[in-house]
Amino acid sequence: MTNASSTLLHHIGADDVPSDSGAVFALRSPTNGSLVAQVARGSGVEVDRAVASARAAFDAWSVVPAPARGEVLFRAAALLQSRKDAIAEVMAREMGKRLEEARGDIQEAIDTAYYAGSEGRRLFGHTAPSELSDKMGFTLRRPIGVVGVITAWNFPVAVPSWKILPALLCGNTIVWKPAEEAPASGAMFAQALWDAGLPPGALNIVHGFGEEVGAAIVAHPDTRVLAFTGSTPVGRAIAETGGRMLKRVSLEMGGKNPVIVMPDADLGLAVDGVLWGAFGTAGQRCTATSRLIVVGDVHARMIATLVERAKAMRLGDPLDAATEVGPLVSEAQRSRVHGFVERAIAAGATLRCGGGLPTEPSLQGGWFYPPTVIDEVARGSELAMSEVFGPVLAVIRASSFDEAIEIANEVPFGLSSSIYTRDVNQAMRAVHRLQSGITYVNAPTIGAEAHFPFGGVKDTGNGHREGGWGPYEFFTEIKTVYIDYSGTLQRAQIDNREG
Ligand code: NAD
């Protein structure tokens, strides 16, 4: 889907279809405003049709042996590998991620496909002895039905793959609404599954906006499971509807991730990590490093180098290999980010670098924002507490390890965290005390691997994890089976008790 003259359509059953209304929206590059594609703009009508298609496909897909379902995922992984560069280019064009990072995004989906495919030969249940003779008990994992998947734009392939691939492996069928800012690379990911032999209706896509398509998927009585990645307010609303309708809901939401640097740390390593964590993907990661908590004299020894390196980072076209920071996803996102910076400075924080719209002529066509370091950010202030989702690093001072942990934990979010120290005792104390789903030691807050659980605590999540083994529990129902081979009526709790 690289031809700007074509329209990206919904995919329902075996077919690419336009909206009934004929409505489309323009997908434009955040780098230069060029048209990437026209995209069909769906509504509840297409959602109804897609859910019906997923329901119809469920009966056949759910009885395909799990190892055979896994083989479809293996073939999709190989196709994604062969199409990696082409998908990465579309991703870079549609949402501004640098090519190298876009390839990483797709690699995450490839890794997930291999992991999920191999789960087809596990999907373990339990066995346990019965309390009665000649009787046994065991559990099976059963598919649930139609899963509604709603995803954010910042990982257009990796994040959907975390939901879609395990859900399919477990025998469910899907209606997916990709983010409206990045639907084209997501459609190429789905194409690999269809080309790999996924039967029609097992994965349906309805493109469009949250209130029009996402809300219809959430409220549809036949989407028994909802898997969402996005902002906390939207996740909360989805959980409310899902709760009322007794749906199973998994939510991956915002972050405000801290890096603590202790005085004994390797400061060169810490600077490298903070730059990558804060400014990789232009800070538009749920796991982005957005707070640097410097302890004791680290401030004096680290900030000047950090600022010098941040200033030197090269903004530009994500398709250019020399670019270090691409554009923000939209004008609205850039205004939002700039607003945080302006208010922080007005509140008394110190701007160390960045903080203004670029003036270079080559950057005028896109939504670029420079790496920004804001020092002396007060605890409890807006910039210390709110997710920015842009290349803005808030520096906060702490006088001790204990105070640093307290600062790290005082935000509502809890996705990722990090500590730089050479003291193993201190590192382990931090691992236990930091309130986050992920903690790194001597590495930045970003860099999840497909076979480890990913997710957050507090307002970041609702207790589920993606990646690793958790999704196979989330996307299945447990069936307990008892087999009595005694040939007599045996009554548990009664016949094996005296009196
Ligand atoms: P968003 O919540 O605005 O949108 C996410 C998705 O939800 C989009 O597909 C959108 O169309 C849809 N949506 C919006 N309103 C809806 C509604 N009323 N009903 C149903 N669906 C609706 O999020 P965003 O701003 O696009 O993405 C950035 C956010 O995503 C950040 O907060 C970031 O931290 C978070 N994120 C979290 C993770 C994670 O795994 N924790 C990963 C990536 C991004």
Side-chain angles (χ1 to χ4, degrees), residues 25 27 30 39 41-44 47 94-95 97 105 108 112 148-163 175-183 186 205-220 223 226-242 247 249-257 280-290 328-330 332-334 336-337 386-390 411-416 436-438 445-446 448 450 452-467 470-471:
F25 64 95
L27 177 66
V39 185
R41 178 173 178 167
S43 69
V47 169
E94 69 177 343
M95 52 70 74
K97 190 176 282 201
D105 193 312
E108 177 96 19
T112 301
V149 173
I150 299 172
T151 48
W153 49 268
N154 65 331
F155 280 88
V157 170
V159 162
S161 81
W162 291 350
K163 304 173 193 304
V175 176
W176 174 30
K177 190 198 90 60
E180 55 271 35
E181 298 89 345
I205 295 183
V206 182
H207 294 291
F209 296 89
E211 305 73 33
E212 296 166 7
V213 175
I217 292 174
V218 171
H220 198 294
T223 51
L226 301 172
F228 169 78
T229 293
S231 61
T232 297
V234 172
R236 208 183 287 282
I238 289 175
E240 281 168 13
T241 305
K247 298 188 182 199
V249 181
S250 106
L251 306 169
E252 295 292 347
M253 301 171 288
K256 185 70 185 171
N257 313 292
T281 324
Q284 301 172 113
R285 289 188 181 218
C286 48
T287 51
T289 302
S290 68
L328 299 191
V329 73
S330 64
Q333 184 61 15
R334 185 169 76 163
R336 192 174 161 275
V337 168
S386 310
E387 183 179 47
V388 174
F389 225 57
V411 297
F413 303 106
L415 183 53
S416 184
S436 57
I438 305 162
T445 52
I446 66 178
F452 281 105
F454 180 95
V457 303
K458 303 199 286 191
D459 287 0
T460 296
N462 65 338
H464 299 290
R465 292 290 181 271
E466 308 200 289

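We use all heavy atoms of the structure for the numbers below, so side chains are in, but hydrogens, waters and symmetry mates are not. Note that this is a predicted model, so its numbers are computed, not measured. Residues: numbered from 1 along the sequence shown. Atoms within each ligand, like the ligands themselves, are counted from 1 in listed order.
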Practice item. Determine whether His220 and Thr223 make a side-chain contact, defined as any pair of heavy atoms from C-beta on separated by less than 4.5 Å. Key: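 Result yes, sub-4.5 Å side-chain heavy-atom pair found.
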
Study note, to complete from the structure: Only one of Thr289, Leu415, Ile438 passes side-chain contact (heavy atoms from CB on, under 4.5 Å) with Thr445, and that residue is Thr289

**Study point:** Ring centre gap for Trp153 and Phe389 strictly below 6.0 Å
**Key:** yes

For ligand 1, list every N/O pair with the protein closer than 3.5 Å, one pair per line with the distance.
residue	atom	partner	partner atom	Å
ligand 1	2 (O)	Ser231	N	2.8
ligand 1	2 (O)	Ser231	OG	2.6
ligand 1	9 (O)	Thr151	O	2.7
ligand 1	9 (O)	Lys177	NZ	3.1
ligand 1	11 (O)	Lys177	NZ	2.9
ligand 1	11 (O)	Glu180	OE1	2.7
ligand 1	11 (O)	Glu180	OE2	3.4
ligand 1	11 (O)	Gly210	N	3.3
ligand 1	23 (O)	Ser231	N	3.4
ligand 1	26 (O)	Trp153	NE1	3.1
ligand 1	30 (O)	Gly230	O	3.3
ligand 1	32 (O)	Glu387	OE1	2.6
ligand 1	34 (O)	Glu387	OE2	2.6
ligand 1	41 (N)	Met253	N	3.3
ligand 1	41 (N)	Met253	O	2.7

Review point. Do NZ/NE/NH1/NH2 and the carboxylate oxygens of Glu180 and Lys177 come within less than 4.0 Å?
Key: yes

**Study point:** Between Thr151 and Thr229, a side-chain donor and acceptor under 3.5 Å
**Key:** no

Exercise for review: With sequence neighbours excluded, tell me which residues meet salt bridge (Lys or Arg N to Asp or Glu O under 4.0 Å) with Arg336.
Suggested key: none

